[in-house]
Amino acid sequence: MDVVKAIDKEVEKMREEIIEFTSSLIQFPSIQGEEEAAQLFFAKKLEEIGCIIDIFKPDSQELRQNYKDVLVSRNDFTKSPNVVGVLKGSGKGKSIILNSHMDVVPAGDQDWKESPWSGKVVNDKIFGRGASDMKGGAAANYFALKTVVKLGIKLRGDAIIESVVDEEIGGAGTAATLLRGYKADAAIITEPTDMKIYPACMGSMWFRIKVKGKAAHGATAYLGVNAVEKAYVVYEALKNLENIRSIDKTHTLYKHLEIPFCINIGKFFGGNWPSSVPDEVVLEGRMGVSPDESIREAKTELENAVREAAHSDLWLSDNLPQIEWFGSCWVGGAIKKDHPIVKNILQNHLVVLCQEPIISGAPWATDAGILIKYGNIPTVIYGPGKGNVAHQANEYILIEDIVNSTKVLSKSILDWCL
Ligand SMILES: [Zn+2]
């Protein structure tokens, strides 16, 4: 049989079902802590196509013990189970993981034309929070596997569908699937890449630096030490480090970016009175991490740069700035551009869409870093939906994108697992 034609026919037959399924998923307001209903809906669908279902809650303590760089932002996952469905292969074939996250960012009080949870279909689009990021991708994973099942083809390798929680806050859900023992010979994360292929994603993390000064009356400011001026020494050291890292940490998939791994100072505050010399300034920012370096290495670079700058200043060398890594941290990771799983998707994208896909580095962090660095699973990011409508009001996804990526993924599963 002509497999591509058969897939095309099966997926087209399910077009209405795909639309309805995606719309239903969007109607669950599955923000962090409220993912359960959507996850149970998804699990039931996976069960219907013959998957062995595993519904489990991430264990905060175990996660913190095993993955120090993964942010585990809460202790209670009662309403936030992970769902994994395994379609067992007959043996001796390569296995694959198709991963998506069910958590969505809050709707916000932005300018929505309809309810963010409407899942409304208008012409060629489905609207709502999570449409692109990434319920469309979850639908593509599900229908890709359903297509394989409907074609009656028995895979040799296992096909594992993961629907995780907590991606938007740092990846605890996907890390928990590793602790639960889910591994495969490759993984695809169907984040909204607009059907570009991303074999890499960068990491990032937040820092806070406290710089001390010495208070004095503004009229006799020369008796004090202005923390703003001293904080500026630190600021310049960070900009200098960013320049150095743009050369040192260059990565083939991020070459097109002016500054691949930005160090952004997002907050700079201190002082409490115009007529007083401020005795403390706090800088808060975000550091981009190359997919090839570890979080620890990047932290050490920043800490050293601040320390060196401090030692060049008489006051700061006696009053070292305090660095704290707080809040968010996303692990980056990359595989080779010519890895078989990348070639697989490239080839099938070409066959289904008759055009060469773009291969690049993801401009944001995803759970791919966790699967690559901690799970040792070659992972590529490829999916329907647009990153630039994610996290915005009136988020949508093109129906055609879900349908096309379903076809590509379906063929990719067959090529990989048969
Ligand atoms: Zn996402």
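Numbers here simply count residues along the sequence, with the first being 1. Predicted model, so just to flag it, every value in this text is computed and none were measured.
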Q. Is R15 salt-bridged to E400, going by a charged N under 4.0 Å from an acidic O?
A. yes
Q) Does any N or O in the side chain of T174 come within less than 3.5 Å of the main-chain N or O of G171, such that one atom is a donor and the other an acceptor? A) no
Q: Could you tell me whether a side-chain N or O of E395 sits under 3.5 Å from a main-chain N or O of D133, the two making a donor and an acceptor?
A: yes
Q) Quick one: do K212 and D279 make a salt bridge, cutoff under 4.0 Å? A) no
Q: Taking all non-hydrogen atoms of both residues into account, name the closest pair between F77 and P58 and its distance.
A: CD1-O, 3.5 Å
Q | N240 (side chain) donor-acceptor with E236 (main chain) under 3.5 angstrom | A | no
Q: Answer yes when K249 and E301 have at least one side-chain N-carboxylate O distance shorter than 4.0 Å, and no when they do not.
A: yes
**Q.** C201 to A368 - nearest heavy-atom pair and separation
**A.** SG-CB, 4.0 Å
Q | Derivation and outcome, side-chain contact (heavy atoms from CB on, under 4.5 Å), residues W330 and V289 | A | CA-CA 9 Å; W330 284 275; V289 182; over 6 Å; no
Q.
Using 0.5 Å steps for rounding, measure from the OG atom of S405 to the CG atom of D194.
A. 11.0 Å
Q. Are R307 and E303 ion-paired here, with the side-chain N under 4.0 Å from a carboxylate O?
A. no
Q: Using the ring of F56 (Phe, Tyr or Trp, six-membered ring only), decide whether R180 places NZ or CZ under 6.0 Å from its centre and within 45 degrees of its axis.
A: yes
Q) Salt bridge or not for D338 and K343, using N-O below 4.0 Å? A) no
Q: For Q65, look at atom CD and say whether over 12 heavy atoms of other residues, nucleotides or ligands are found less than 6.0 Å away.
A: yes
Q: Establish, yes or no, whether the cationic atom of R64 lies under 6.0 Å from the six-membered ring centre of Y67 and within 45° of the ring axis.
A: no
Q. Do NZ/NE/NH1/NH2 and the carboxylate oxygens of K407 and E12 come within less than 4.0 Å?
A. yes
Q: Give a yes or no on this: more than 12 heavy atoms of other residues, nucleotides or ligands lie within 6.0 Å of atom NZ of K79.
A: no
Q. Does D69 pair with K373 as a salt bridge, N-O distance under 4.0 Å?
A. no
Q | Carboxylate-amine/guanidinium contact K267 E284, below 4.0 Å | A | yes
Q) CG of L178 to OH of Y374: how many Å apart, nearest 0.5 Å? A) 10.5 Å
**Q.** Flag, side chain of E62 to backbone of S60, donor-acceptor distance under 3.5 Å
**A.** no
Q: Could you tell me whether E293 and R245 have a side-chain N and a carboxylate O separated by less than 4.0 Å?
A: yes
Q.
Would you compute the distance between atom OG1 of T177 and atom CD1 of I377 and round it to the nearest 0.5 angstrom?
A. 7.0 Å
